[in-house]
Amino acid sequence: MSAAQDTVHDRIDRASTDLTAGQLATGLGLVAAISFALLVLQDPAAHDSLHNFRHAAGVVCH
């Protein structure tokens, strides 16, 4: 099967046979952690504090 015809279902099936249970759990945990962080960081206070931290560290934002 070519890469153009490769579906998400095919990739999941291949990953479930190629990866160990620990690797799958780690991957799912990372996705959950990133999703949670993105959801929480929508809070304006968290965004502002990170923005101020970047400026304090010398990073030019805009």
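Owing to the predicted nature of the structure, the values given are computational and were not obtained by experimental measurement. Just so you know, these numbers use all the heavy atoms, side chains as well, and skip hydrogens, waters and symmetry mates.
Grouping Ile, Leu, Val, Met, Phe, Trp and Tyr residues whose side-chain heavy atoms lie under 4.5 Å apart, directly or via other members, leaves Leu28 alone, with no other cluster members. Grouping Ile, Leu, Val, Met, Phe, Trp and Tyr by side-chain contacts under 4.5 Å, direct or through others, puts Leu19 with Leu24.
Side-chain polar atoms of Ser16 and Asp13 form no donor-acceptor pair below 3.5 angstrom.
For residues 14-40, the salt bridge (charged side-chain N to carboxylate O under 4.0 Å, His left out) pairs, not counting sequence neighbours, are Asp6-Arg14.
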